[in-house]
Amino acid sequence: MQIISNFIRKMPKCISCHEFCVGVTKEIRKHYKKSDIPRLAEHPEERLTASAVVFSRLNREIWMIGDCQCMVGGDFYDNPKPYEQELAEQRAKIIKEGTLPKEQYLINDTARKQIIPHMLETMKQQNITYSVIDGFHIPEQYVRIITLDFQPWEIILASDGYPYLCTTLQESEEKLTWQRENDPLNIGQFKATKAFAKGNNSFDDRAYIRFKV
């Protein structure tokens, strides 16, 4: 995250989506030892990996690389990883059909442990069937680009840590609180590959920014 953030601060304002993908990939790559590259090519789970959603004011475009989300004029867009929902459904089924008290999974999520081998397997498709920023070539056909015209727009960019993205941060946080209080295991209407760990107020990292252009 810090490497990508620093790259965005320094990159030219006229950068294109393609140039961004090439440049940020090179920036991550600098942090790998050359001797580690063959292993990292075989083991994507060991790479420095992040998603990013970027608004280019000059190009009037939003670039969605990896599993992030946004709203443009009230319309919702996302770019989820393939297989993620399938694995979340699998985890939910394990918990619902299991014999352990559901509260136990908040302390020791054995259902998540059962799907981790499958998660690692799907990560072999990283930057093959879906895009992320990880120091390896980003297949740009899996980067979602939203092009805006020149009328005024309200834009929200967010990470996927908000199960329900809303038009204000307060409402998004309230929905997150509702989720934690009513379905902390994330196995109901909203399903995830992890729960709200005991004592945590979120199940994933979250970032939210709203602005007008």
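Computed from a predicted model, the values in this text were never measured in an experiment.
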Side chain proximity check, Phe196 to Gln179, heavy atoms < 4.5 angstrom: yes

CD (Gln189) with more than 12 external heavy atoms under 6.0 Å: no

Enclosure of Gln85 CD (heavy-atom neighbours >12, cutoff 6.0 Å): yes

Arg29 side-chain N/O to Gly135 backbone N/O, donor-acceptor pair under 3.5 Å: yes

Lys81 side, atom NZ; Tyr83 side, atom OH - distance, nearest 0.5 Å: 12.5 Å

Test item: Tyr77 and Met71 side chains (from C-beta on) under 4.5 Å apart, heavy atoms: no

Heavy-atom side-chain contact between Met123 and Tyr130 under 4.5 Å: yes

Backbone of Leu40 reached by a side-chain donor or acceptor of Asp36 within 3.5 Å: no

Side-chain heavy atoms of Cys70 within contact of Leu157, under 4.5 Å: yes

ILVMFWY cluster membership beyond Val22 - transitive side-chain contacts under 4.5 angstrom: none

Validation row: Val53, Asn79 side chains within 4.5 angstrom (heavy atoms): no

Heavy atoms of other groups near Gln170 CD, more than 12 under 6.0 Å: no

Stepwise side-chain contact (heavy atoms from CB on, under 4.5 Å) check, Arg144 with Asp78: CA-CA 8 Å; Arg144 187 166 192 177; Asp78 65 356; 4.2 Å; yes

Worked verdict on Phe55 versus Phe211 for ring pair (Phe, Tyr, Trp, His ring centres under 6.0 Å): CA-CA 11 Å; Phe55 172 65; Phe211 55 94; 5.5 Å; yes

Sequence neighbours excluded, every pair satisfying ring-ring contact (aromatic ring centres under 6.0 Å, His included) that has a member inside residues 133-163: Tyr162-Tyr208

Backbone N/O of Lys194 and side chain of Asn186: donor-acceptor pair under 3.5 Å: yes

Min side-chain heavy-atom separation Asp204-Asp160 under 4.5 Å: yes

Backbone N/O of Asn127 and side chain of Ser131: donor-acceptor pair under 3.5 Å: no

Gln126 and Thr49 side chains, donor-acceptor separation under 3.5 Å: yes

Any Leu48 side-chain heavy atom under 4.5 Å of Ile3 side chain: yes

Joint hydrophobic cluster, Trp63 plus Val24, side-chain heavy atoms closer than 4.5 Å: yes

Check: Tyr164 ring centroid to Phe76 ring centroid under 6.0 Å: no

Whether over 12 other heavy atoms sit under 6.0 Å from Lys198 NZ: no

Donor-acceptor contact below 3.5 Å, side chain Thr193 vs main chain Ala88: no

Verdict with reasoning, Ser5 to Gln2, per side-chain hydrogen bond (donor to acceptor under 3.5 Å, both in side chains): CA-CA 5 Å; Ser5 180; Gln2 291 175 338; over 6 Å; no

Heavy-atom side-chain proximity of Lys102 to Ile187 below 4.5 angstrom: yes

